[in-house]
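Okay, so here's the structure we're looking at.
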Amino acid sequence: MEMRCSVGAQVLQILGLVLFLGIHCCEAIARHTFVIKETPYTWLCSTKSILTVNGQFPGPTLYAHKGDTVTVDVYNKANYNITIHWHGVKQPRNPWHNGPEYITQCPIKPGGKFTQNVTFSLEEGTLWWHAHSDWSRATVHGAIIVYPKNSTSYAFDKPHVEVPIVLGEWWKQDIVDIYDEFRESGGDPNTSDAYLINGQPGDLYPCSKQDTFKLAVDYGKTYLLRLINAAMQDILFFAIANHQVTVVGTDASYTKPLKVDYIAISPGQTIDLLLEANQPKDHYYMAARVYSSAAGVTYDNTTTTALIQYKGRYTPSSPPPLPYLPYYNDTASSVNFTGRLRSLARGDHPISVPQNVTHKFLFTISVNTFPCANDSCAGPNGSRLAASMNNVSFVSPSIDILQAYYHRIKGVYGNRFPSEPPLKFNYTADYLPLALETPQNGTEVKVIEYNSTVEMVLQGTNLVAGTDHPMHLHGTSFYVVGWGFGNFDKKKDPKNYNLVDPPLQNTIAVPKNGWAAVRFQAFNPGVWFMHCHLERHLTWGMEMAFIVKNGPTPDSQILPPPPDMPPC
Ligand SMILES: *[C@@H]1O[C@H](CO)[C@@H](O)[C@H](O)[C@H]1NC(C)=O
Ligand SMILES: *[C@@H]1O[C@H](CO)[C@@H](O)[C@H](O)[C@H]1NC(C)=O
Ligand SMILES: *[C@@H]1O[C@H](CO)[C@@H](O)[C@H](O)[C@H]1NC(C)=O
Ligand SMILES: *[C@@H]1O[C@H](CO)[C@@H](O)[C@H](O)[C@H]1NC(C)=O
Ligand SMILES: *[C@@H]1O[C@H](CO)[C@@H](O)[C@H](O)[C@H]1NC(C)=O
Ligand SMILES: *[C@@H]1O[C@H](CO)[C@@H](O)[C@H](O)[C@H]1NC(C)=O
Ligand SMILES: *[C@@H]1O[C@H](CO)[C@@H](O)[C@H](O)[C@H]1NC(C)=O
Ligand SMILES: *[C@@H]1O[C@H](CO)[C@@H](O)[C@H](O)[C@H]1NC(C)=O
Ligand SMILES: *[C@@H]1O[C@H](CO)[C@@H](O)[C@H](O)[C@H]1NC(C)=O
Ligand SMILES: *[C@@H]1O[C@H](CO)[C@@H](O)[C@H](O)[C@H]1NC(C)=O
Ligand SMILES: *[C@@H]1O[C@H](CO)[C@@H](O)[C@H](O)[C@H]1NC(C)=O
Ligand SMILES: *[C@@H]1O[C@H](CO)[C@@H](O)[C@H](O)[C@H]1NC(C)=O
Ligand SMILES: [Cu+2]
């Protein structure tokens with residue numbers, strides 16, 4: 001919900017800050033209008049037209065309290081099909097309003113409108129919304145802030161000020177051209193030209209100095225930074241010069257406080273950090289740059305910055321100090337951070353990790369290649385790059401799976417997504433036979449009974465190029481009960497699971513040539529997408545969907561379809 005606050009708070013919002021004055025000042029608005037349209041923007045010394053919501057980039061922040069329903073009227077005034085997804089919002093019983101194109105809805109066509117309810121249930125903390133059709137999410141995204149029911153009951157001392165920090169990625173060229181070009185060529189997409197903090201690349205790039213995002217802080221106060229990685233292709237390292245930060249939540253779930261020098265954040269993931277302004281009064285950079293683990297894959301190696309500026313009279317260091325960030329391919333530093341996250345799991349914020357499991361799945365996640373006529377594509381050795389889960393490269397259907405499931409329309413999808421890899425090999429071996437690189441095309445789902453308890457092991461492979469994959473599940477969060485390098489060992493590895501305080505996430509970076517084990521209870525009936533959140537891997541087919549069947553009671557069944565579902 002949008003907050004209508006006092007004049008003072010509005011002035012600060014214009015500077016990119018949201019003053020947290022407590023709930024008394026604010027009148028909640030439970031209905032929003034999102035107008036998607038082309039908007040001209042100038043950065044990095046060039047102007048282009050981008051898709052925005054309401055002309056804003058990043059888009060408007062939605063504010064809500066736990067348990068609220070917010071209604072958003074989405075108008076498509078652009079020339080492209082589009083859908084909007086509420087990332088990490090479970091949408092109980094209402095997959096119709098989840099958003100992924102051809103999974104739960106047909107796209108909103110140019111000139112069309114779709115009204116979506118965003119229903120908050122268990123989530124508390126930071127989430128985000130983004131387009132879920134072709135690559136529009138590059139610029140069509142924004143923050144979602146979910147306050148506790150009682151505004152004073154954070155799991156930590158109330159911070160002085162709260163600030164969304166949206167990390168983004170910027171191409172000088174039109175994103176539609178980048179998307180069309182790599183799909184056509186079969187090769188890797190062009191790398192981006194910049195990363196962004198709240199829409200600005202920062203001082204280390206040309207032409208952006210005066211617009212760099214700045215956060216003014218009072219010495220002695222505590223600031224809650226709500227970090228969102230909205231980048232398209234990259235896990236990012238982030239740090240603030242001379243300051244440690246304390247992680248207190250991820251993916252709208254509280255964590256045990258974790259004091260760190262840097263964080264690693266996956267596309268799709270959110271991390272809530274407390275920053276104590278406890279250093280000598282000065283200006284300090286916060287900075288983010290890529291963590292990229294795939295050998296031989298080029299990446300954007302630039303660094304985005306914003307400024308922490310202490311208030312008061314002093315002569316600021318020039319240039320301001322930059323933070324230490326781990327090296328681009330430092331897998332040890334990435335997993336060191338991600339592997340230390342733990343659920344708060346406290347009396348007032350309990351968790352319920354499934355102890356008994358009804359379904360055990362092992363899904364490989366691979367980058368692949370298809371042979372190309374005359375080896376004329378731009379992938380390795382003239383091949384066409386692809387990606388898969390359990391060797392099925394997902395092919396988007398022409399009407400959405402949810403509609404086909406609900407109305408029993410045949411021929412749209414199959415229910416034979418494999419529970420185990422169809423081909424067993426040393427997934428993480430240094431050298432793998434070329435023949436293993438070619439996947440099957442298919443539109444396959446995994447159907448599970450309501451309230452099943454699922455253990456899903458995501459196994460990375462070294463096909464083409466082993467790398468980290470930030471895997472994201474719609475419709476529910478999962479507990480990350482274990483992870484490791486190499487091949488998952490179903491006898492040995494479960495003995496080391498953390499079933500006491502594993503973090504509850506909706507996105508987990510499966511480490512390069514490693515695995516991650518997650519558990520969830522299927523209490524939300526519907527069609528729920530599961531995919532890599534690196535945009536090129538999603539385009540190449542690294543995805544599948546779960547269908548969670550209806551339960552026995554009326555409140556464990558899918559709601560009827562809204563009357564205004566966009567038609568295909
Ligand atoms: C909400 O917070 C206030 C102030 O801390 C407290 O007095 C009240 O009991 C809380 N209400 C609920 C329902 O937790
Ligand atoms: C991608 O990069 C290549 C090489 O720099 C360039 O020729 C091409 O125009 C770029 N593609 C787009 C869509 O900008
Ligand atoms: C970034 O990449 C460019 C071109 O690939 C290279 O010239 C430059 O040295 C790299 N910079 C850093 C900091 O690694
Ligand atoms: C990271 O990159 C550096 C420089 O290219 C290389 O020397 C090093 O071996 C790489 N480290 C890993 C873990 O791949
Ligand atoms: C992870 O980082 C912490 C803090 O820097 C360090 O103490 C610890 O040894 C690291 N653990 C591993 C496994 O590298
Ligand atoms: C798990 O299964 C065991 C043995 O079947 C049973 O005793 C226990 O109650 C179950 N626990 C839960 C939480 O269902
Ligand atoms: C492949 O090469 C042959 C011989 O040069 C040519 O006749 C044929 O048209 C090519 N096919 C494609 C799809 O480019
Ligand atoms: C799988 O490959 C890895 C990396 O080359 C190697 O260390 C390991 O021994 C292999 N495992 C088996 C079972 O062959
Ligand atoms: C799968 O689909 C891709 C692109 O849609 C196509 O290039 C490829 O040849 C297909 N592969 C098979 C095995 O059908
Ligand atoms: C589903 O499971 C939850 C928690 O285990 C339980 O509270 C609920 O009653 C179950 N629902 C149905 C319809 O069986
Ligand atoms: C959306 O939510 C509102 C308010 O809770 C409710 O009245 C309306 O029926 C919901 N619409 C749909 C299509 O579920
Ligand atoms: C837009 O969506 C409609 C309905 O699914 C589809 O028929 C059409 O091909 C799409 N247009 C584009 C450009 O993808
Ligand atoms: Cu991936």
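Ligands are counted one by one from 1 in listed order, and the atoms in each one are counted from 1 as well. Quick caveat: nothing in here was measured; it's all calculated off a predicted structure.
Of the protein's non-hydrogen atoms, N329 ND2, 2.9 Å is the one closest to atom 11 (N) of ligand 4.
The H97 neighbourhood of ligand 11 comprises atoms 13 (C), with distances under 4.0 Å to a heavy atom of that residue. Close approach of ligand 3 to Y328 is summarised as follows: ligand atoms under 4.0 Å from at least one heavy atom of the residue are 12 (C), 13 (C), 14 (O). For ligand 11 and P562, the ligand atoms under 4.0 Å from any heavy atom of the residue are 13 (C).
For atom 2 (O) of ligand 3, a protein heavy-atom neighbour is present inside the 4.0 Å cut-off. Taking a distance limit of 4.0 Å, we find that atom 9 (O) of ligand 4 is approached by no protein heavy atom. In this structure, atom 14 (O) of ligand 3 has protein heavy atoms in its sub-4.0 angstrom surroundings. There is no protein heavy atom less than 4.0 angstrom from atom 5 (O) of ligand 3.
The residue among T303, N301, T302 with a heavy atom at the shortest distance from atom 12 (C) of ligand 3 is N301.
Aromatic ring pairs are classed by plane angle as parallel below 30°, tilted from 30° to 60° and perpendicular above 60°; the pair W515 and F488 is perpendicular. Between F182 and W540, the ring planes lie tilted relative to each other; the angle falls in the 30° to 60° range. Between Y147 and H65, the two ring planes are tilted [angle within 30° to 60°]. Between H85 and H132, the angle of the ring planes goes over 60°, which puts this pair in the perpendicular group of the 30/60° scheme.
T104 and D400 share no donor-acceptor pair across their side chains, judged by distance under 3.5 Å alone.
At a 3.5 angstrom cut-off on N or O pairs, T69 does not count as close to ligand 11.
Annotation: cation-pi pair R289/F237 absent, no NZ/CZ under 6.0 Å from the ring centroid and within 45° of its normal. By the 6.0 Å and 45° rule, K48 stacks over the aromatic ring of W170.
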